[in-house]
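Take this structure first; my questions come after.
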Amino acid sequence: METREFGDIELRQVREHVWEIPREGEMNAPARVLASEALLDHIGDDKTLEQLRNATHLPGITKHAICMPDGHQGYGFPVGGVGATDATDGCLSPGAVGYDINCGVRMMTTNLTYEDLQGHEEELVDALFEAVPSGLGGGGVVTGDAETIEDILARGMRWAVDAGYATDDDLAHCEDEGFRDDARPEFVSQKAKDRGRNQIGSLGSGNHFLEVQRVTDIYREDVAESFGLEADQIVVLIHCGSRGLGHQTCTDYLRRIEKEHKDLLDDLPDKELAAAPAGSALAEEYYGAMCAAINFAWVNRQLIMHRTREVFADVFDRDWRDMEMRLLYDVAHNIAKKEVHEVGVDPEGRPVRDSDAVEREERELYVHRKGATRAFPAGRPELPPAYAEVGQPVIIPGSMGAGSYVLRGGDQSLDLTFGSTAHGAGRLMSRTKAKQEYWGETVQDELREQEKIYVKAQSGATVAEEAPGVYKDVDEVVRVSDELGIGDKVARTFPVCNIKG
DNA sequence: ATGTTC
């Protein structure tokens, strides 16, 4: 069996695209990397593997710590990491969720074709840029008073329905129906709420964007039909998170963990893994606060989608309902969730990998997905009726020059990844390096002239940082997901208009 | 990712 070495870490190949760091020393489980040889070279290039091995030290980590094909190093726990910890005697880790709680992506379909849009690209990109708040700092679609922010945190997209920004159909096409019942706004600090108040409905900066795209390829006709996708169709992708509110919430709880659970931190190889013991008051409070920030992010994406419908109605002089602007799905890729999974256990009832298991039991776990997307196959009870028979849509954004993919949850995902797959292309170089290599305006000119992609951004520096060349090959990431059967290719899109911070 | 350096 083939092995690969990166520094002091040796990976053994289990089978194609599956690599394992064997359990040793203080590790509580082996680690696994799901990658082709080419992607593994990227993953071995930074601290991802060391961070993944560190993650296996988390109390109660079950089966494996897993790195998706687009993994790269993050704060403590790798981006592209999945870690399922026992919800009773394990831990809950803000570091394994990330700063941008419920960063995620949604796709809205339309009945427009690329032909309908051609000639209107500049008008559309200008109107979207005008209507959708973006960039660092404040300014949102709505400004919330103290009562509104509480309501948004508690009720997520249900608030948006009552306020006239969402329909029941939108709710039915969102992970968790756009609402986490476990949200506890009282555990979100006043400072975080104050930061969130004037950012309700705003894109933010960095890799966040809104993109109008056309469908170029269909890989599974029957699934695409269930998703309402066909070639040449115009769709809209919205990628953003919980802005300052989620960031502040993460910061608040990292600090409290350092103060209140120093003993646990001292036992971990990296303090940035920052976990609170399951069942502790702090774990319960963080879970309630994180769920509230999750609700905020869903409202954020909903308000941006609402504005997008208004802009399309203006530009094409038609009601958005006539253009059938429907939410296909909204997926979170920075979250933790209590989920029940079947795991193999040893004779003492301890979760072990399948090859060492004597029987299988259902366990309640905190599934941390940090830069990883839920990818549940048909049959999981969490799926909404629209996708119960076909599997959930998974949306994987590529760079602004490459386009994106729609997948559906694969039938191997529950066995391999606790029902997860990748979340994007993954960065190849740092933001600093990107700014040395690229100039924003040049990138925009080339995309427009060579690819008919219209990009408008608050900052030229952001365009340089997000240039297509700074990302890995999204096709390769998706190929691995499809071949492993964790997320199956359904359709591919290509950018038409892109706005960003 | 982020009122981009508590």
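Below, chains carry the letters A, B, ... as their sequence lines are ordered, and counting in each starts from 1.
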Give one of base, sugar-phosphate or nothing for Gly206(A), where a contact means two heavy atoms less than 4.0 Å apart.
->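 Sugar-phosphate: the residue Gly206(A), judged by heavy atoms under 4.0 Å, touches backbone atoms but no base.
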
Lys259(A) has an atom NZ; how far is it from atom P of dC6(B), in whole Å?
->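 It is 17 Å, rounded to the nearest whole Å.
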
Just call it for Glu465(A): base, sugar-phosphate, or nothing, with non-hydrogen atoms closer than 4.0 Å on any strand.
->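 Nothing, no heavy atom under 4.0 Å.
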
So does Arg158(A) have more than 12 non-hydrogen atoms from other groups sitting under 6.0 Å from CZ?
-> no

Have a look at Arg427(A) and say if it touches a base, only the backbone sugar-phosphate, or nothing, with a 4.0 Å heavy-atom cut-off.
->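 It contacts nothing in the nucleic acid.
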
Measure from NE2 on His247(A) to C1' on dT4(B) and round the result to the nearest Å.
-> 9 Å

Indicate the ring-plane relationship of His208(A) and His239(A), choosing parallel, tilted or perpendicular according to the 30° and 60° boundaries.
-> perpendicular

Would you say Arg431(A) reaches dT4(B)'s phosphate, i.e. side-chain N/O to OP1/OP2 under 4.0 Å?
->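 No, no such contact exists.
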
Check the side chains of Asp252(A) and Thr249(A) for a donor-acceptor pair under 3.5 angstrom, ignoring hydrogens and angles.
->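 Short answer, no.
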
Starting at atom CG of Asp252(A), determine the distance to atom C1' of dT2(B), rounded to an integer number of angstrom.
->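 From Asp252(A) CG to dT2(B) C1': 13 Å.
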
Identify, with sequence neighbours excluded, every residue that meets ring pair (Phe, Tyr, Trp, His ring centres under 6.0 Å) alongside Tyr471(A).
->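 Testing Tyr471(A) for ring pair (Phe, Tyr, Trp, His ring centres under 6.0 Å), a comparison that skips the adjacent residues, returns none.
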
Whole angstrom is fine here: how far is it from OH in Tyr99(A) over to P in dT4(B)?
-> 13 Å

Base, sugar-phosphate alone, or nothing: which one does Ser205(A) contact when heavy atoms must sit under 4.0 Å apart?
->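 Answer is sugar-phosphate: Ser205(A) comes under 4.0 Å of backbone atoms only.
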
Looking across every strand, which nucleic acid part, if any, lies under 4.0 Å from Lys370(A) by heavy atom: base, sugar-phosphate, or nothing?
-> nothing

